[in-house]
Amino acid sequence: MIINFVGNFQTGYVGEVADQVHLAREMEGLGHTVRRVPQDIWKSYCEGAININWASQLPIKADINLITKWHHFNDGSFIDRLRIVSEAPVFYWVWDAMRGEEWHLNMVFASDLYLGNDVRSSMYPIEAKDKLYYFPFDVADGNLPWMTTPEEEKKYDVVFFGSCLEQGDRIEYLTAINKTTPVKIFAWNYKDWINLGFDAEPACYGFDFVQAVGDSRIILGFSVEPNCWGYWSNRVGKALSLQGFLLYQYAPGMELFLRDGCEYFSSIDEAREKIDHYLIAVEERNRIAKRGREIGRDRFTSEARVKDLMILIERYLKKGDKKWDF
């Protein structure tokens with residue numbers, strides 16, 4: 001297929017290489033032609049700017065278009081224009097739990113299909129029902145190797161990789177847990193965690209992240225919206241695929257996707273009990289982590305997700321006038 005992919009193909013504002021980079025790589029690995037369209041260039045072009053250097057970076061006639069979330073895409077015109085130029089449907093693919101932002105809903109309604117893992121959220125109006133397709137963006141770079149530091153050489157008992165945000169339960173839960181078991185935190189806004197009394201360092205990515213996962217006995221996980229079916233942080237796949245032992249705040253649907261590749265908690269007390277247990281139960285912890293790696297490598301790498309995506313795209317293009325009931 002020929003695919004126009006509009007997104008960020010550089011490094012994000014927090015310092016991590018954008019997921020679109022390895023997603024596009026995997027699409028090409030399957031033999032597809034990917035036209036990488038930088039999101040800032042597409043916005044400028046749609047708003048009337050012209051630059052002769054953009055010739056190789058603008059959309060072409062294609063089989064399908066993918067456009068990812070960017071708050072500067074603030075109305076449906078960016079999708080409408082993409083559909084006209086390419087003569088192909090447009091899938092709008094998002095990896096965050098959205099909050100009903102008007103600009104986001106404009107993009108949803110303009111798209112042919114909205115791919116996200118927050119589609120069960122009550123914030124989507126009933127009029128959007130035929131646009132909402134559950135398809136997560138939680139992918140890990142499958143080219144990164146995993147490593148496990150010997151138990152006696154591990155540096156950290158309990159780790160959290162994540163931003164200091166007031167959304168969800170992370171601050172409340174981590175503050176309570178940190179009183180009995182110190183939590184090591186890696187985050188792009190790590191100084192905010194330090195101000196709350198935590199031992200925190202800047203976020204780590206790539207091989208530094210691989211090393212930190214290998215050095216950790218227990219990795220805690222929280223999502224910004226723990227009660228939405230099928231929604232969780234993309235750090236789930238990143239930790240599982242590297243054989244990290246993940247102890248995650250349960251969200252409905254996890255049993256179907258993460259299965260027995262991690263452990264779950266639904267309260268502060270349960271999190272503390274399981275931390276105490278798994279710091280001692282080394283063999284059981286390692287067994288679950290190995291199972292998690294199998295699931296992570298099978299379901300949560302960019303290679304796996306792109307294969308799923310290609311099936312979806314092909315079936316969508318072949319469905320004709322049929323209406324899918326989501």
Side-chain angles (χ1 to χ4, degrees), residues 8-23 25 95-96 137-165 167-168 170-171 173-175 177-178 181-224 232-249 258 261-263 275 278-279 285-286 289-290 292-293 295-297 300-303 305:
N8 175 22
F9 297 96
Q10 302 179 54
T11 299
Y13 74 95
V14 300
E16 185 175 18
V17 174
D19 287 333
Q20 291 94 324
V21 173
H22 45 97
L23 286 164
R25 180 193 71 210
W95 58 92
D96 290 325
F137 197 103
D138 50 347
V139 294
D141 186 348
N143 280 3
L144 290 175
W146 67 83
M147 56 158 288
T148 53
T149 305
E151 180 68 18
E152 64 277 6
E153 297 178 17
K154 288 184 183 291
K155 296 180 181 179
Y156 315 113
D157 283 342
V158 182
V159 166
F160 175 63
F161 298 97
S163 308
C164 187
L165 298 173
Q167 299 173 351
R170 68 183 64 186
I171 292 179
Y173 277 48
L174 288 170
T175 298
I177 293 168
N178 195 53
T181 304
V183 180
K184 179 72 174 186
I185 295 181
F186 294 89
W188 68 272
N189 58 347
Y190 70 99
K191 292 182 180 178
D192 292 339
W193 284 117
I194 291 175
N195 291 336
L196 293 176
F198 289 90
D199 176 11
E201 294 183 12
C204 51
Y205 306 112
F207 290 103
D208 289 337
F209 179 72
V210 172
Q211 183 70 59
V213 169
D215 284 342
S216 304
R217 293 182 173 87
I218 296 175
I219 299 171
L220 289 176
F222 298 87
S223 302
V224 298
W232 42 82
S233 166
N234 66 358
R235 285 183 297 276
V236 164
K238 296 178 191 298
L240 290 183
S241 65
L242 297 178
Q243 198 168 304
F245 175 80
L246 189 63
L247 178 57
Y248 209 93
Q249 184 182 21
L258 280 59
C262 69
E263 263 290 358
I275 287 170
Y278 284 109
L279 285 178
R285 174 175 18 108
N286 289 339
K290 289 178 181 178
R293 187 195 73 212
I295 293 171
R297 292 276 158 173
F300 288 97
T301 63
S302 51
E303 179 184 12
R305 186 67 78 243

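A salt bridge links R217 and E151; the closest N-O separation between the charged side-chain nitrogens and carboxylate oxygens is under 4.0 Å.
A187 and G162 make their closest contact through CB-O, 3.0 Å (heavy atoms, listed as atom of the first residue, atom of the second, distance). Taking each heavy atom of L246 and A239 in turn, the nearest pair found is CD1-CB, 4.3 Å. I218 and R285 get closest at one heavy-atom pair: CG1-CD, 4.4 Å. Minimum interatomic distance between L242 and K238 (heavy atoms only, all atoms of both residues): CG-O, 3.3 Å. Of all non-hydrogen atoms in R170 and V224, the two that sit nearest each other are NH2-CG1, 3.6 Å. The minimum heavy-atom distance linking L23 with S302 is given by the pair CD2-CB, 3.9 Å.
Between the CG atom of L258 and the CH2 atom of W232 there is a distance of 6.0 Å, given to the nearest 0.5 Å. Between H22 atom NE2 and E303 atom CD the span is 12.5 Å, to the nearest 0.5 Å. Distance check, rounded to the nearest 0.5 Å: CD of E16 to CG of D141 gives 9.5 Å. Atom CG of D19 and atom CZ of F9 lie 11.0 Å apart (nearest 0.5 Å). Between L240 atom CG and T301 atom OG1 the span is 11.5 Å, to the nearest 0.5 Å. Rounded to the nearest 0.5 Å, atoms CD (Q211) and NZ (K155) are 6.0 Å apart.
Judged by distance alone, the side chain of S223 and the main-chain N or O of S233 form a donor-acceptor pair under 3.5 Å. Judged by distance alone, the side chain of Y248 and the main-chain N or O of E263 form no donor-acceptor pair under 3.5 Å. A donor-acceptor pair is defined here as one N or O able to donate and one able to accept, closer than 3.5 Å; such a pair exists between the side chain of R297 and the backbone of G142. Without hydrogens or angle criteria, S241 side chain to G237 main chain gives a donor-acceptor distance under 3.5 Å.
At a threshold of 4.5 Å between non-hydrogen side-chain atoms, the residues L144 and F207 count as touching. Contact of the D138 side chain with the R305 side chain is registered, since non-hydrogen atoms from C-beta on lie closer than 4.5 Å. Under the 4.5 Å side-chain criterion, counting only non-hydrogen atoms from C-beta, D157 is not in contact with P182. In this structure, the side chains of R25 and N143 come closer than 4.5 Å at one or more pairs of heavy atoms. Residues F300 and I295 are in side-chain contact: their nearest non-hydrogen atoms beyond the backbone lie under 4.5 Å apart.
Side-chain contact, S163 with W188: a donor N or O sits under 3.5 Å from an acceptor N or O.
Residues that satisfy the side chain to side chain contact (heavy atoms under 4.5 Å, CB included) test with V159, not counting sequence neighbours, are Y156, F161, K184, F186, S216.
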(request) Before giving the answer on side chain to side chain contact (heavy atoms under 4.5 Å, CB included), spell out for L196 and T175 the whole-Å C-alpha distance, their side-chain angles and the decisive distance to 0.1 Å. (result) CA-CA 8 Å; L196 293 176; T175 298; 5.5 Å; no
(message) Pair L220, Y173 - check side chain to side chain contact (heavy atoms under 4.5 Å, CB included), show working.
(response) CA-CA 10 Å; L220 289 176; Y173 277 48; over 6 Å; no
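Applying the ring pair (Phe, Tyr, Trp, His ring centres under 6.0 Å) test between F198 and each of Y190, W193, F160 identifies W193 as the sole match.
For NZ of K191, the number of neighbouring non-hydrogen atoms (other residues, nucleotides, ligands) closer than 6.0 Å is 12 at most.
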